[in-house]
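Computed from a prediction, not measured in an experiment: that's the story for all the values here. Counting starts at 1 for both ligands and their atoms, in listed order.
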Amino acid sequence: MDIRTGNGFDVHAFGPGDHVWLCGVRVPHHRGLIGHSDADVGMHALTDAIYGALAEGDIGVHFPPSDPQWKGAASRIFLEHAMGRIAARGFTLANCDVTLICERPKIGPVAPAMREALAEIMGLGADRISVKATTSEKLGFTGREEGIAAIATVTLLQA
Ligand SMILES: Nc1ccn([C@@H]2O[C@H](COP(=O)(O)O)[C@@H](O)[C@H]2O)c(=O)n1
Ligand SMILES: C[C@@]1(CO)OP(=O)(O)OP(=O)(O)OC[C@H]1O
């Protein structure tokens with residue numbers, strides 16, 4: 001059996017707005033996240049983790065920020081593409097784990113909805129999908145609430 005792991009990391013800066021998209025959920029917030037797409041930093045890290053496990057580059061290779069067709073795009077498009085690559089290569093996704101790093105918004109109350117949203121997009125049981133959060137104890141750019149960072153890990157299996 002071939003077992004592969006992949007990791008992903010992403011950051012988006014806060015800007016004007018009244019909500020952020022995180023792991024497929026629209027979360028009300030006093031700021032938005034700036035990006036070429038909808039700036040769903042959690043979904044971008046997860047998508048990159050899948051590409052990493054497959055050694056197929058990163059999200060910017062598949063969806064160049066210079067390409068206007070991805071302006072404002074829903075990030076599920078990127079995750080669905082990565083899931084398609086898993087299937088095309090004969091793998092299945094065993095589990096994934098996403099950590100969001102921010103002081104606010106608080107993730108705990110919306111983490112179950114995020115797991116369900118990712119489960120629907122990924123065609124996977126929510127029991128195989130983890131979404132959790134930490135602050136950075138007010139240190140650094142996340143601590144100053146200048147943006148949100150995300151880290152993701154995936155495990156792929158090939159029979
Ligand atoms: N944006 C966040 C950050 C943290 N949490 C939850 O609070 C717990 C304590 O955070 P520390 O950074 O002080 O360890 C953390 O374990 C999360 O459960 C959150 O919900 N949203
Ligand atoms: C997702 C893409 C799509 O153009 O743009 P952004 O929304 O800026 O997100 P980023 O995490 O910087 O990844 C690069 C791009 O692939």
Next on the checklist: Side chain or backbone, does Pro109 bring an N or O within less than 3.5 Å of an N or O on ligand 1?
Outcome noted: no
Checklist entry - Considering only protein heavy atoms, which is closest to atom 15 (C) of ligand 1, and at what distance to one decimal place? => result Ala133 O, 3.4 Å
Next on the checklist: Do Leu118 and Ile50 sit in one hydrophobic cluster, given that two such residues count as connected whenever their side-chain heavy atoms are within less than 4.5 Å of each other, even indirectly?
Outcome noted: yes
Item to check | Any Ser136 heavy atom less than 4.0 Å from ligand 1 | outcome: no
Checklist entry - What part of Pro105, side chain from CB on, backbone N/CA/C/O, both or neither, has a heavy atom under 4.0 Å from ligand 1? => result backbone
Checklist entry - Asp38 to ligand 2: N or O pair under 3.5 Å? => result no
Item to check | Winner among Gly35, Ser37, Gly8 once heavy atoms are compared against atom 7 (O) of ligand 2 | outcome: Ser37
Next on the checklist: I want to confirm something. Looking only at heavy atoms, which of Lys71, Gln69, Met43, His36 is nearest to atom 4 (O) of ligand 2?
Outcome noted: His36
Item to check | Atoms in ligand 1 with a heavy atom of Cys102 nearer than 4.0 Å | outcome: 1 (N), 2 (C), 3 (C)
Checklist entry - Is Ile101 reachable from Phe141 through a run of I, L, V, M, F, W or Y residues, each pair having side-chain heavy atoms under 4.5 Å apart? => result yes
Item to check | Exercise check, heavy-atom protein proximity under 4.0 Å to atom 19 (C) of ligand 1 | outcome: yes
Checklist outcome for this item: So for Lys132 against ligand 1, with non-hydrogen atoms under 4.0 Å, the contacting part is neither
Item to check | Pairwise side-chain contact, Arg104 with Arg31, heavy-atom cut-off 4.5 Å (strictly under) | outcome: no
Next on the checklist: Out of all atoms in ligand 2, which are within 4.0 Å of some heavy atom of Trp70? Include the element for each.
Outcome noted: 4 (O)
Checklist entry - Under a single-linkage definition using a 4.5 Å side-chain heavy-atom cutoff for Ile, Leu, Val, Met, Phe, Trp and Tyr, are Ile129 and Leu157 assigned to the same hydrophobic cluster? => result no
Next on the checklist: Using a 3.5 Å distance criterion without hydrogens, assess whether the side chain of Ser136 forms a donor-acceptor pair with backbone atoms of Gly143.
Outcome noted: yes
Checklist entry - If you count the atoms of ligand 2 from 1 in the order shown, which ones are under 4.0 Å from a heavy atom of Asp10? => result 11 (O)
Checklist entry - Of all the atoms in ligand 2, which lie at a distance below 4.0 Å from a heavy atom belonging to Gly60? => result 16 (O)
Checklist entry - Are side-chain heavy atoms of Thr142 and Thr135 found at a separation under 4.5 Å? => result no
Checklist entry - For atom 14 (O) of ligand 1, which protein heavy atom lies nearest, and how many Å away is it? => result Thr134 OG1, 4.0 Å
Next on the checklist: Quick test of your reading of the structure: of Ile101, Ile107, Thr135, Val110, whose heavy atom lies closest to atom 11 (P) of ligand 1?
Outcome noted: Thr135
Next on the checklist: A side-chain contact here means heavy atoms from C-beta on lying under 4.5 Å apart; do Thr47 and His81 qualify?
Outcome noted: no
Item to check | Protein heavy atom under 4.0 Å of atom 7 (O) of ligand 1 | outcome: no
Item to check | hydrophobic_cluster_shared for Val11 and Met43, side chain cutoff 4.5 Å | outcome: no
Item to check | Pro105 vs Ile148 side-chain heavy atoms within contact, under 4.5 Å | outcome: yes
Next on the checklist: Heavy-atom contact check, 4.0 Å cutoff: does Pro64 meet ligand 2?
Outcome noted: yes
Checklist entry - What atoms of ligand 1 come within less than 4.0 Å of a heavy atom belonging to Gly108? => result 19 (C), 20 (O)
Item to check | Note, Cys96 side chain near Leu46 side chain (heavy atom, < 4.5 Å) | outcome: yes
Checklist entry - Salt bridge or not for Glu56 and Arg89, using N-O below 4.0 Å? => result yes
Item to check | Top protein contact for atom 1 (C) of ligand 2, by heavy-atom distance | outcome: Phe78 CE1, 3.6 Å
Checklist outcome for this item: Counting from 1 in the order shown, the ligand 2 atoms closer than 4.0 Å to a non-hydrogen atom of Ile59 are 1 (C), 13 (O), 16 (O)
Next on the checklist: Between ligand 2 and His62, can you find any atom pair, the residue atom being a heavy atom, that is separated by under 4.0 Å?
Outcome noted: no
Checklist entry - Nearest to atom 3 (C) of ligand 2, what protein heavy atom do you find, and at what distance? => result Phe63 O, 3.5 Å
Next on the checklist: With a 6.0 Å cut-off on the ring centroids, do Phe78 and His62 count as close?
Outcome noted: no
Next on the checklist: Could you check whether any side-chain N or O of Arg115 sits under 3.5 Å from a backbone N or O of Ser130, counting only pairs where one atom can act as donor and the other as acceptor?
Outcome noted: no
Next on the checklist: Determine whether a donor-acceptor pair (N or O, by modelled atom type, separation under 3.5 Å) exists between the side chain of Asn7 and the backbone of Thr153.
Outcome noted: no
Checklist entry - Which atoms of ligand 1 are found less than 4.0 Å from any heavy atom of Glu137? => result 13 (O)
